[in-house]
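Since we're looking at a predicted model, the values are computed, not measured. Side-chain atoms are counted along with the backbone in the values below, which use heavy atoms only and exclude waters and symmetry mates.
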Amino acid sequence: MPDILLEDRMTRQLPAIDTLVEPDRVHKSVYVDPGLFELEMDRIFGRAWIYVGHESQIPNVGDYHQALIGREAVVMVRGDDGKPHVLFNRCPHKGAKLLAQPCGNAGRFLRCPFHGWNFRCDGRLLSVPAREGYEDTRFDLRDPAFSVRRVPRQQSYRGFVFASLAEDGPSLEEFLGGIRLTLDNFCDRAPEGEVEVAGGVFRVWQRSNWKIFFENLNDTSHPMVTHESAVNAARAEYQHRGDGGQMPFQLHIIEGNGEPYDFWGALEMVAYDRGHSYMGAIFTPPTDPVSLGHQAALEAVHGPEKAHEILSVQRHNSIIYPSCAPHTSFQQLRVIRPIAVDRTLVEIYTFRLKGAPEDYFQRSITYANIVNSPSSNVMPDDIEVYARVQEGLATDGGDWVSLHREAGREQGDGNGRYTGGGLSELPMRNQFRAWAEYMGEEA
């Protein structure tokens with residue numbers, strides 16, 4: 001492929017990838033060019049490990065959960081071998097979509113609604129009607145070509161299921177690298193060492209490019225600006241109550257966005273190779289009865305020293321590039337599904353920590369409703385700004401997007417880990433470093 005120009009599927013010429021990303025800025029076309037978006041589907045989402053779902057979403061044989069890997073519709077199904085299997089949602093006969101609902105139970109086998117071909121829940125062809133019609137043909141019940149195709153690779157890490165459309169590449173653990181500690185701590189906070197999806201899901205359509213959402217997750221210079229009205233409303237409500245007591249949790253998690261720049265600058269910002277990153281926790285371990293009850297449950301299993309070690313890992317948003325963002329403090333997981341160059345679907349899941357008190361889970365639900373729900377006082381601010389960014393980038397007002405804040409000040413350890421100040425745009429620069437590496441490689 002030429003170094004100067006790349007051709008997309010529409011034969012329209014695209015700018016060279018190595019001209020779009022510089023150490024402290026990126027070209028606006030990475031957000032608005034449909035051809036580049038299509039290339040992302042092949043070179044990023046067609047190669048990286050992409051989050052599909054959690055094993056707890058399919059507890060029984062035949063349970064399934066649908067997902068997207070780039071453009072590809074896949075389904076995670078619990079087989080009769082007790083294992084999750086990630087399959088393309090397509091019948092090998094006429095190509096019909098096998099499962100239509102977002103989730104459910106398919107029964108003991110998958111049945112195509114068109115001609116009644118039946119498949120085991122691991123995708124293997126089980127039976128076809130009128131089988132005598134296939135005698136003396138090239139049809140072979142044992143030929144994998146007549147089974148539901150599996151994704152080339154899938155792997156689970158502590159119940160979190162990822163899949164890759166690439167036949168080869170780094171293992172999941174190698175891909176995750178240092179960000180694995182986020183998933184470890186996510187589960188270790190459960191007294192029984194396991195978590196499960198509970199409480200439903202929020203699905204939010206965003207009128208913006210998927211990278212804008214990802215960049216904002218660890219952007220600490222926007223909260224006091226973007227969420228000013230929500231912060232002011234929380235403070236006004238607290239003052240209206242006039243009791244002078246501790247600010248209620250529901251108001252505190254909104255009002256916290258109004259902290260000054262010094263507060264955000266004191267946080268830790270950490271990035272890893274392949275685009276992953278996290279920011280230090282905004283809410284330090286509180287001493288309220290709900291938190292103390294959770295701590296007591298951990299201590300009952302692990303003892304005080306181990307419980308303290310688990311709770312001392314404080315991370316706010318973590319980014320597992322390019323598909324999901326765990327939040328360990330409040331047991332949330334946001335999943336990013338790019339739909340078009342200017343359309344993104346974000347799914348927000350809450351998790352229950354097995355063995356933790358019920359009121360600890362209810363606090364996670366409260367956080368999700370107040371901060372991450374489409375009707376909250378917080379998320380609509382972000383979605384509105386994302387849309388404005390998308391619209392502004394489509395104008396002729398300039399060609400470049402600045403990533404200059406604290407550029408060049410980050411420190412690397414030589415092993416793929418980088419640290420910066422709490423206001424640094426290190427996570428954004430790190431994501432585009434990974435973006436350029438994925439996009440610049442030959443397919």
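Between the side chain of Arg78 and the main chain of Glu55, a donor-acceptor pair closer than 3.5 Å is present. Judged by distance alone, the side chain of Asn209 and the main-chain N or O of Val341 form a donor-acceptor pair under 3.5 Å. Listed for the Thr344 side chain is a donor-acceptor partner under 3.5 Å among the backbone atoms of Ser208. Although no hydrogens or angles enter the test, the distance criterion places a donor-acceptor pair under 3.5 Å between the side chain of Gln66 and the main chain of Gln101. Counting only distance, with no hydrogens or angles, the side chain of Arg337 and the backbone of Gly70 share no donor-acceptor pair below 3.5 Å. The backbone N or O of His327 sits nowhere less than 3.5 Å from a side-chain atom of Gln332 that would complete a donor-acceptor pair. Counting only distance, with no hydrogens or angles, the side chain of His227 and the backbone of Asp382 share no donor-acceptor pair below 3.5 Å. Counting only distance, with no hydrogens or angles, the side chain of Ser376 and the backbone of Ser373 share a donor-acceptor pair below 3.5 Å. Gln331 places a side-chain N or O within 3.5 Å of a backbone atom of Thr328 that can act as its donor or acceptor partner. Although no hydrogens or angles enter the test, the distance criterion places no donor-acceptor pair under 3.5 Å between the side chain of Glu410 and the main chain of Tyr418.
Here the side chains of Arg343 and Gln206 are not in contact, with every heavy-atom distance at 4.5 Å or above. Side-chain atoms of Arg241 and Pro248, non-hydrogen and from C-beta on, do get closer than 4.5 Å to each other. The shortest distance between side-chain heavy atoms of Val75 and His65 does not fall below 4.5 Å. Residues Val197 and Leu333 have side chains not in contact (no heavy-atom distance under 4.5 Å, counting atoms from C-beta outward). Side-chain atoms of Tyr31 and Val26, non-hydrogen and from C-beta on, do get closer than 4.5 Å to each other. Looking only at side-chain heavy atoms (C-beta outward), Tyr238 and His252 stay at 4.5 Å or farther from each other. Residues Val32 and Gln390 meet the side-chain proximity criterion, which asks for heavy atoms closer than 4.5 Å. Arg203 is listed as a side-chain neighbour of Leu345, based on a closest heavy-atom distance under 4.5 Å.
In this model, no donor atom of one side chain and acceptor atom of the other lie less than 3.5 Å apart for Glu22 and Trp400. Neither side chain, Asp122 nor His85, offers a donor N or O lying under 3.5 Å from an acceptor on the other. A donor-acceptor contact under 3.5 angstrom links the side chains of Asp184 and Tyr157, judged on distance only. Side chains of Asn430 and Ser277: no donor on one and acceptor on the other come within 3.5 Å.
With sequence neighbours excluded, the residues forming a side-chain hydrogen bond (donor to acceptor under 3.5 Å, both in side chains) with Tyr386 are Asn216, listed by chain and number. Applying the side chain to side chain contact (heavy atoms under 4.5 Å, CB included) test to Arg274 and every residue at least two apart in sequence or in another chain returns Pro170, Glu174, Phe175, His276. Looking at residues two or more places apart in sequence or on another chain, you find a side chain to side chain contact (heavy atoms under 4.5 Å, CB included) between Pro374 and Phe202, Val204. A search for ring-ring contact (aromatic ring centres under 6.0 Å, His included) contacts involving Phe186 returns Phe160, Phe351, not counting sequence neighbours. Applying the salt bridge (charged side-chain N to carboxylate O under 4.0 Å, His left out) rule to Glu406 yields no partners; only residues at least two apart in sequence or on another chain are considered. Evaluation of the ring-ring contact (aromatic ring centres under 6.0 Å, His included) rule for Phe249 yields Phe330 as partners, not counting sequence neighbours.
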(request) Take Thr182 and Arg315, measure what side-chain hydrogen bond (donor to acceptor under 3.5 Å, both in side chains) needs, and give me the verdict at the end. (result) CA-CA 8 Å; Thr182 290; Arg315 298 182 175 187; 2.6 Å; yes

(request) Check the pair Arg334, Glu347 against salt bridge (Lys or Arg N to Asp or Glu O under 4.0 Å), reporting the backbone distance first and the verdict last. (result) CA-CA 6 Å; Arg334 281 172 281 188; Glu347 300 173 336; over 6 Å; no

(request) Applying side-chain hydrogen bond (donor to acceptor under 3.5 Å, both in side chains), run through Arg405 and Ser221 and close with a yes or a no. (result) CA-CA 10 Å; Arg405 194 167 62 249; Ser221 67; 3.3 Å; yes

(request) Please lay out, stage by stage, how Arg158 and Glu194 fare under the test salt bridge (Lys or Arg N to Asp or Glu O under 4.0 Å). (result) CA-CA 8 Å; Arg158 301 204 61 170; Glu194 295 182 350; over 6 Å; no

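Of all heavy-atom pairs spanning Tyr272 and Arg433, the tightest one is O-NH2, 4.4 Å. Closest approach of Tyr438 and Arg47 over heavy atoms only: O-NH1, 3.2 Å. Between Ala166 and Pro152, the closest heavy-atom pair is O-CB, 3.6 Å. Across Pro338 and Phe45, no two heavy atoms sit closer than the pair CG-CZ, 3.4 Å. Minimum interatomic distance between Arg153 and Asp168 (heavy atoms only, all atoms of both residues): NH2-O, 3.3 Å. Shown here for Asp288 and Ser291, the closest heavy-atom pair between the two residues is OD1-OG, 2.9 Å.
Remark: of the listed residues Val231, Asn232, Val225, Asn232 is the sole one forming a side-chain contact (heavy atoms from CB on, under 4.5 Å) with Glu228. Between Val148 and the choices Cys121, Cys112, Pro92, Cys91, the side-chain contact (heavy atoms from CB on, under 4.5 Å) rule is met once, by Pro92. When the options Leu353, Leu298, Ile310 are evaluated for a side-chain contact (heavy atoms from CB on, under 4.5 Å) with Asp188, the one that passes is Ile310.
Ion pairing between Glu299 and Lys306 fails under the 4.0 Å rule for side-chain N and carboxylate O. Look at Arg388 and Glu384 and you find a salt bridge, because one of the NZ, NE, NH1 or NH2 atoms lies within 4.0 Å of a carboxylate O, short of that distance.
Centroid-to-centroid, the aromatic rings of Tyr321 and Trp49 stay 6.0 Å apart or farther. If you look at His54 and Tyr349, their ring centroids are not closer than 6.0 Å.
No more than 12 heavy atoms of other residues, nucleotides or ligands sit less than 6.0 Å from atom NZ of Lys83. The environment of CD in Glu358 is crowded: more than 12 heavy-atom neighbours from other residues, nucleotides or ligands sit within 6.0 Å. The neighbour count for His308 NE2, taken as heavy atoms of other residues, nucleotides or ligands under 6.0 Å away, does not exceed 12. Counting non-hydrogen atoms of neighbouring residues, nucleotides and ligands closer than 6.0 angstrom, the CZ atom of Arg417 exceeds 12 such neighbours.
To the nearest 0.5 angstrom, Leu251 atom CG is 11.5 Å from Arg235 atom CZ.
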